[in-house]
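Shown next, in structure tokens, is the structure this report addresses.
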4 protein chains.
Amino acid sequence: MPEVKKPNPARRNERSRHAILDAARELIREVGYAKVSIEAIAARAGVGKQTIYRWWPSKGAVVFDSFLALSGDPEEGEGMALPDTGDIEADLKLVMRATVAEFADPHFEAPIRALNLEIISDSDLAAQYREKLARPVEDVKKARLRAAQQAGQLAADADLDLVLEVLYAPLYQRWLHRSGPLTAEYADALVDVTLKAFRP
Amino acid sequence: MPEVKKPNPARRNERSRHAILDAARELIREVGYAKVSIEAIAARAGVGKQTIYRWWPSKGAVVFDSFLALSGDPEEGEGMALPDTGDIEADLKLVMRATVAEFADPHFEAPIRALNLEIISDSDLAAQYREKLARPVEDVKKARLRAAQQAGQLAADADLDLVLEVLYAPLYQRWLHRSGPLTAEYADALVDVTLKAFRP
Amino acid sequence: MPEVKKPNPARRNERSRHAILDAARELIREVGYAKVSIEAIAARAGVGKQTIYRWWPSKGAVVFDSFLALSGDPEEGEGMALPDTGDIEADLKLVMRATVAEFADPHFEAPIRALNLEIISDSDLAAQYREKLARPVEDVKKARLRAAQQAGQLAADADLDLVLEVLYAPLYQRWLHRSGPLTAEYADALVDVTLKAFRP
Amino acid sequence: MPEVKKPNPARRNERSRHAILDAARELIREVGYAKVSIEAIAARAGVGKQTIYRWWPSKGAVVFDSFLALSGDPEEGEGMALPDTGDIEADLKLVMRATVAEFADPHFEAPIRALNLEIISDSDLAAQYREKLARPVEDVKKARLRAAQQAGQLAADADLDLVLEVLYAPLYQRWLHRSGPLTAEYADALVDVTLKAFRP
DNA sequence: GAATAAGCGAGACGGTACGTCAAGTCTTCGC
DNA sequence: GCGAAGACTTGACGTACCGTCTCGCTTATTC
């Protein structure tokens, strides 16, 4: 056993933790992910480098945590629920248009690409991402889809994971590869295609 | 005008160019993309660093070019064509199963992730990727889909770009995020969904 | 007045004090003076760093104290006295040969060099050294020389400090600079030279 | 064979070398040897740290070299010769008084102590010191002493190394340990003692 | 005998410097 | 006269310790 010294989380300085995550987010926005250094994060946060290395294994982990912290630590996934007017098509179009608008917002560009770089190249972070960020969101989406199934608007035997993939993956890929325009029409088209594919 | 010195491509040493691209590919496979340095590529290729900087603007560009070179410099997209048995479902399932198998091959893991990291973070490379690598492949796929349209197996007004996205993006996303298993059944399911969505 | 907090020596933990001095001496022997850190001393002694900083101002002071403690805390200088056979030449040669042997002992090398580094670079410690370690030893040596003066073996007006310097400084310098062999013959030569110089 | 990369001295940048040695000397004078860091030397010299590490193994080696460079690279020891009036006593007193004055000069304090710390704790540097700095000086001193022997002012069989030690070591020790005043009288006393000891 | 205060172990903290690696630029030398 | 080799400045890496600062815990007076 190599017997690595592990720090005692009880003594952790909450003020420093916050300052580090804030600094990380600010720097990503200002200079772009690739140019952010741990040194710069430490300096900006007014913190010793060791305090970062003590609690995070890599720059990626810090950046990732800064997104986690941003997402508000929702404890339970309550508070965010999809609209349910009884019309699944209308509801999905509403949500997809909002998502498209979000992706198209240049303000989100740098941080979200940074997050994606992390989870693509580090499978541990990818697992954390699925667990802590993606899953809660997917769960509320699936809840809405399940309601649609019960209302007979979706095939009862539809694989909801697959439904979500067909709905979102094309949008995600377009954004990631910049391979096409992200418009409200595109959002609508994805909803139409998905509903047609999974109609009862 | 700052009048940047630009080298004369006519004088370029082809032997060095090849050695550099080969070294880049080897190193990515051996140590992983993130740990590859220009220094290491130069050393492995038996070339001065300046010879790399003279012809490529960044590590990403070298890596990207090493993939371009690998894809065989097809000049025209001939030589690769999708099977056409007349049965679009069977043909697509064949192709998708092969694609799934390719993505699942651990041998391709590192280089393809490296390539994706490049094009995600560098929009210039992303444009080149679309132009030089993605487009030719998409063109042959679209040719097969167009044949299906003419055979009445796909809606005549289907947006073929969208068809390809619905078909491939879910698979791509699963692979990128490691968010689910890549199996032959999954390949079939994607084909079924897509055909249902774009049925005439 | 800045009103520095000063600890109450009455409450000092004697067990910790000993553990620290022992640890310091052990570490100097094991890894050499330059590589000894307060952190390592504290860890070895099973003591908090603050307990060292509370009682010593610097690493040098700890090391120095560890030598003081080693020298046995003789209270009064009794117990050690130079041989006095009545023959100053024979007595000095005995003592000088012993000294040469001591310096040549590799076991003493590291610690004594460490001590010398301290007193060379820190004049406070140098003063303490002269007072607490050097003076008592010099006093017994001078006592023997004074007896020799009274016996007419040394000039009555000889400056005994100077006699000791002529006797010991060459040996000390040879050891410090490793500029020549330390042998019994060398010890004898120094005694001969000194006696010739200060003959009545 | 570990096959360490060794730089090619022919390509060494002389301007950088000078800047480093100058910066080292300046910093020792300004802040004291212990507080000089390689980082600070590099910054002051306008040089990358690697350029220091490429050519010197340690801070001590840089500092030592800065003294070597200062001593003027005398090629042959010519140019400096001791006075020879025919009167060894007068000549030695002249030289010793000058030496005492030099040691007492507070301007020389810091650098010479720094040099001594180096050669005391690093036997490699000590050997270089003897070879490159001490020996040439000793040689000219011995030449003068040899003349005195031929003039019958010193015993013909006197060990000149020993003579020099008796003459200089007490002075050196006093300075190093700050154990007594360095005065012209002291210089004279040392000459008197030495001449008496080594009289024919 | 309980209350209180000091010393203590532990170790997290903001820092400085370490010695290493690589980036991208500039220089030299050999073919 | 080009290009390999590699020295240069720069800057970040991750580590080791510095000296300071809480934490609980033990111990030893003081009321």
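Each chain gets a letter, A, B and so on, in the order the sequences are listed, and its residues count up from 1.
In this structure, C/R17 places its CZ atom 16 Å from C1' of E/dG7, rounding to the nearest Å. With rounding to whole Å, C/N13 atom CG is found 14 Å from F/dC25 atom C1'. Atom CZ in D/R15 sits about 10 Å away from atom P in E/dT27, given to the nearest Å. Rounded to whole Å, the distance from CD1 on A/I52 to C1' on E/dA12 is 14 Å. Rounding to whole angstrom units, CD1 of residue B/I41 and C1' of E/dC21 are separated by 15 Å. As rounded to whole Å, 16 Å separates atom P of E/dA23 from atom NZ of A/K35. When rounded to the nearest whole Å, the span between CG of D/N8 and C1' of E/dG30 equals 13 Å. The interatomic distance linking B/R54 (CZ) with F/dA5 (P) rounds to 13 Å, in whole Å.
Comparing C/P9 and D/A40 by the nucleotide of DNA chain E that holds the closest heavy atom to each, the one mapping nearer the 5' end is C/P9. Comparing A/K59 and C/I38 against DNA chain F, the residue whose closest nucleotide sits nearer the 5' end is A/K59. Nearest-nucleotide assignment on DNA chain F puts the 5′-proximal partner with A/Y53, out of A/Y53 and C/E39. Along DNA chain E, the nucleotide nearest A/V47 and the nucleotide nearest C/E14 are compared for position; the residue whose nucleotide lies closer to the 5' end is C/E14.
Checking the phosphate oxygens (OP1, OP2) of E/dG14, a side-chain nitrogen or oxygen of A/S16 falls inside 4.0 Å. At the phosphate of F/dT9, OP1 or OP2 sits under 4.0 Å from a side-chain N or O atom of D/T51. An OP1 or OP2 oxygen of E/dG19 is reached within less than 4.0 angstrom by no side-chain nitrogen or oxygen of D/W56. Look at C/W55 and you'll find a side-chain N or O under 4.0 angstrom from OP1 or OP2 of E/dC8.
Using a 4.0 Å cut-off between a side-chain N of Lys or Arg and a carboxylate O of Asp or Glu, B/R44 and B/E39 do not qualify as a salt bridge. Between B/R178 and B/E109 there is a salt bridge, with a side-chain nitrogen of the basic residue lying less than 4.0 Å from a carboxylate oxygen of the acidic one.
No donor-acceptor contact under 3.5 Å links the side chain of D/Q50 to the base of F/dC8. Between the side chain of A/R11 and the base of E/dA10, a donor-acceptor pair under 3.5 Å is found. No hydrogens or angles were tested; on distance alone, nothing pairs the side chain of A/K49 with the base of E/dG14 as donor and acceptor under 3.5 Å.
Within the 4.0 angstrom heavy-atom criterion, only backbone atoms of the sugar-phosphate kind lie near C/R12; the bases stay farther away.
Atom CZ of A/R12 sits in a crowded spot, with more than 12 heavy atoms from other residues, nucleotides or ligands closer than 6.0 Å.
Figure legend: D/R11 and D/W55 shown without cation-pi pairing, the cationic atom not lying both under 6.0 angstrom from the six-membered ring centre and within 45 degrees of its axis.
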> For D/D122 and D/I119, what are the C-alpha separation, side-chain angles and deciding distance, and is it a side-chain contact (heavy atoms from CB on, under 4.5 Å)?
Replying inline: CA-CA 5 Å; D/D122 183 332; D/I119 64 184; over 6 Å; no
